[in-house]
Structure formats: C-alpha cells, structure tokens
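Heads up: the structure comes next, in structure tokens.
On a predicted model such as this, the values are computed, not experimentally measured, just so you know. All residue numbers refer to positions in the sequence shown, counting from 1. Just so you know, ligand 1 is whichever comes first in the structure, and atom 1 is the first atom listed for that ligand.
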Amino acid sequence: MSVPPALSPAPVTLPPSPLRLRLDGGALVANWRWLKARSGSAACGAAVKADAYGLGAVEATHRLAAAGCRDFFVTTWAEAEEILAAAGGASVSVLHGLRDEDMQIASASPARPVLNTPGQVRRWREAGAGRACDVMADTGINRLGLAPADIATGLLDGLVIETLMSHLACADEDVAMNARQRQALVDLSARIPHRRLSLANSAGICLGADYAFDLTRPGLALYGGVARPEARDAIRQVARVEAQIVQRRCVEAGGTIGYNATFTAARPTELAILNIGYADGYLRGFSNTGRALAGDAALPVAGRVSMDLTAIVVDAAPGLAEGDWVELDYDLPRAAAASGLSQYELLTTLGRRHDRGWS
Ligand SMILES: *Cc1c(COP(=O)(O)O)cnc(C)c1O
C-alpha cells in the first residue's frame with residue numbers, strides 16, 4: 001500500500017484569537033523596582049521558572065535584564081537554554097540541580113546548578129570542572145535541599161559556591177518558623193564558604209531587611225501577585241485577560257444557565273456568552289463567583305464555567321454586542337478570593353489559546 005502524499009494546503013492567514021492576554025511590561029518592571037527597593041542593599045533577582053509563571057519567560061527576562069536584574073532562576077536546563085540570550089550575560093541558576101540526564105548540557109552551559117542532594121554534589125564535581133555552583137540548604141521546608149547533617153560530613157568541601165540559599169516555608173504568614181529558618185541559614189553560612197547568601201522570595205522580601213541578605217528571589221510579586229499585605233498598594237497588575245462575546249441572549253425569569261443549571265434567573269436577564277472557559281485557564285472556581293469588567297460596569301459570571309464558554313450578566317452594560325470584547329477581572333488577590341485558587345495557580349494556568357501582547 002502506498003502512503004498518500006502529504007497535503008500541501010494553500011497558505012491561509014489565521015484570524016485573531018477570540019481571547020487576548022495583555023501583558024504590561026511597565027508594571028512588571030515597576031514591581032521589580034519596588035521589590036529591589038524593599039531588598040535594601042541586597043541584589044534583587046527574578047524567578048522566571050515555569051515560563052515566568054505562565055506569562056512568557058523570554059519576554060519577562062528581556063525586560064527585567066534591561067531594567068538591571070542580574071540574577072535569574074529557572075527550574076530546568078531546558079528553561080535555562082530558553083532564556084540565556086534574553087538574560088544578556090546575567091547569572092542563571094537552575095533550581096532543580098543536576099540529574100544524570102543533565103550532565104552534558106550542564107558542562108557546556110553558562111548557567112549554574114543549584115545543588116540539592118549529595119548525588120547532585122557528586123555529579124557537579126564531575127561535570128563542573130571546578131566552576132561555581134549554587135547550593136540549596138534545607139532549613140525546615142523539607143522539600144528540596146541538602147540537610148544540615150549532609151553538610152556536616154564535609155560534603156561541600158572544596159566546592160566554589162556562588163550563592164548559598166534556603167527557602168522559606170511560611171513567609172506569607174507571621175509565624176515563628178520564619179525566624180527559625182533564618183537563624184538556621186545564618187548558622188550554616190558560618191560553616192560553608194560562599195560568595196552570597198539568599199533566603200527571601202516575594203513574601204520573604206516583605207518580612208524586612210533581616211531576610212534579604214545578599215540576594216532576593218521574587219517570583220509571584222513580579223507578575224502582580226500580592227503575597228503579603230505590605231505589598232498590597234505597591235504591586236501592579238501585569239496580566240489582563242480579555243475575551244470576545246460569541247452570543248448575546250436574554251434569559252426569561254425562571255430560566256437556568258449552563259451545565260447543571262446552577263443559576264436560575266429571578267427576572268428577565270441580559271446575558272453575554274464569552275469565548276473563554278476552563279481550557280483557557282479560566283477555571284471552574286469562577287462559576288457564579290467571577291466577574292467581567294466593561295468600562296465602569298462589573299458583570300458577574302452566571303452559572304458554571306464550561307470548557308470554552310462562560311456566561312456573564314450584562315444588565316449593567318446593555319449596549320454590549322456580539323463581537324465586543326470584555327475584560328475578565330484577573331486582579332490576582334481578588335480573583336484568588338473569588339475562585340478559591342492560589343494566585344500562583346491563576347497565573348500558571350493561563351492557557352495557550354490567547355493571543356499574547358506585551359506593552
Ligand atoms: C519559585 C521560587 C522562588 C520565588 O517564589 P515566589 O513565592 O513566587 O516569590 C524563590 N526561590 C525558590 C527556591 C523558588 O522555588
């Protein structure tokens with residue numbers, strides 16, 4: 001049997017997506033500058049892992065490097081490769097360290113591994129040829145990082161350590177564990193030669209100058225997340241979600257909306273059906289709780305969010321028509337409260353169907 005020849009379709013120009021993600025580069029940089037000021041004399045880096053929390057790692061890195069950021073954090077070597085050019089020679093650290101599978105790329109890459117396990121330390125002694133690395137010490141989160149007992153055996157002797165770091169478990173809370181972790185890092189730092197010491201993420205920066213040491217590592221707050229009340233008035237929204245209206249309709253009193261009929265109209269109600277759903281990262285937690293914005297009008301989500309569609313009540317903006325655009329309220333603290341999702345989840349679930357535009 002012969003294989004049919006591949007079709008070579010006539011070139012087509014795709015229409016724009018009915019979904020847009022508007023990304024505010026000025027807000028991103030303003031957020032970084034505020035975090036840098038709060039970091040005092042410490043350098044302020046940027047966590048751009050997970051594609052800059054879903055917003056676009058290359059675009060974010062490029063803008064932050066231009067603003068003066070000199071330290072970037074990613075999860076994997078593939079993520080490091082993606083941003084190296086945009087980082088323009090700034091330092092790039094790979095938070096998950098070094099697997100057997102990473103040896104080849106790690107020996108050739110200008111990025112540094114963050115060593116988390118005795119196995120990773122062994123691998124870097126082989127692959128690193130005496131080059132500098134970073135080290136993550138566990139001070140109580142019990143996630144990634146070397147235990148103090150591992151370190152006490154002389155595991156790190158002879159390594160060139162650029163940044164010795166640890167990670168706070170509860171920086172968004174006022175609990176005694178923060179000071180305990182801080183003290184544990186200070187104790188370790190006296191025994192481990194290093195060039196810089198680093199502890200604070202976004203929330204940790206808000207805990208005050210005692211937590212900044214030499215280098216801070218914000219992620220969430222760069223992208224508009226408010227990790228603690230101290231940041232509420234300073235941090236600006238970076239990602240705005242817009243969707244086009246597919247259909248307008250009026251539902252009569254007693255009519256229900258969407259799957260499982262979770263919303264019943266008390267009176268004749270003007271609806272707009274939006275081109276956005278959970279496949280676009282507008283998750284089911286917004287069912288009957290989210291809202292859209294059009295001018296001054298707030299337009300509540302009615303019924304369940306489905307895969308590609310969401311209904312909103314447009315009684316407050318009756319001029320809206322099929323084909324018009326509305327903004328979904330994606331102010332992160334507010335959207336988190338409405339949906340029950342964390343601000344981190346809200347960012348990283350934003351989907352792939354949006355047309356993305358940075359200003
Ligand atoms: C993700 C991450 C950060 C950034 O944390 P945010 O809470 O987003 O500011 C900092 N350090 C490490 C080790 C991380 O994994």
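Taken from CG in Asn178 to CD in Gln183, the straight-line distance is 13.5 Å, to the nearest 0.5 Å.
Smallest separation of non-hydrogen atoms from Asp280 and Met307: OD2-O, 4.2 Å.
With a heavy-atom cut-off of 4.0 Å, Leu144 does not touch ligand 1 at all. Neither the backbone nor the side chain of Phe73 comes within 4.0 Å of ligand 1, counting heavy atoms alone.
Counting only heavy atoms of the protein, atom 7 (O) of ligand 1 lies nearest to Tyr344 OH, 2.5 Å. At the top of the distance list for atom 5 (O) of ligand 1, counting protein heavy atoms only, stands Asn201 CB, 3.4 Å. In terms of protein heavy-atom proximity, atom 10 (C) of ligand 1 is nearest to Arg217 O, 3.3 Å. For atom 9 (O) of ligand 1, the closest non-hydrogen atom of the protein is Ser202 OG, 2.6 Å.
With no hydrogens or angles considered, a side-chain donor-acceptor pair links Ser91 and Arg112 at under 3.5 Å. No hydrogens or angles considered: nothing links the side chains of Arg236 and Asn31 as a donor-acceptor pair under 3.5 Å. Residues Asp71 and Ser93 bring no donor and acceptor atom of their side chains to less than 3.5 Å of each other. Side-chain contact of Arg217 with Ser198: a donor-acceptor pair under 3.5 Å is present, judged by distance alone.
In this structure, Tyr282 has its ring center at least 6.0 angstrom away from the ring center of Tyr278.
Proximity to Arg143 (heavy-atom distance under 4.0 Å) selects the following atoms of ligand 1: 15 (O). Those atoms of ligand 1 with a heavy atom of Tyr53 less than 4.0 angstrom away are 1 (C), 4 (C), 5 (O), 6 (P), 8 (O). Listed by number with element, the atoms of ligand 1 under 4.0 Å from a non-hydrogen atom of Pro218 are 9 (O).
An N or O contact shorter than 3.5 Å links Leu220 to ligand 1 by distance. Geometrically, ligand 1 and Ala47 share no nitrogen or oxygen pair separated by less than 3.5 Å.
For the residues Met136, Lys49, Met165, the heavy atom positioned nearest atom 13 (C) of ligand 1 is part of Met136.
Counting only heavy atoms from C-beta outward, the side chains of Phe73 and Met165 approach each other to under 4.5 Å.
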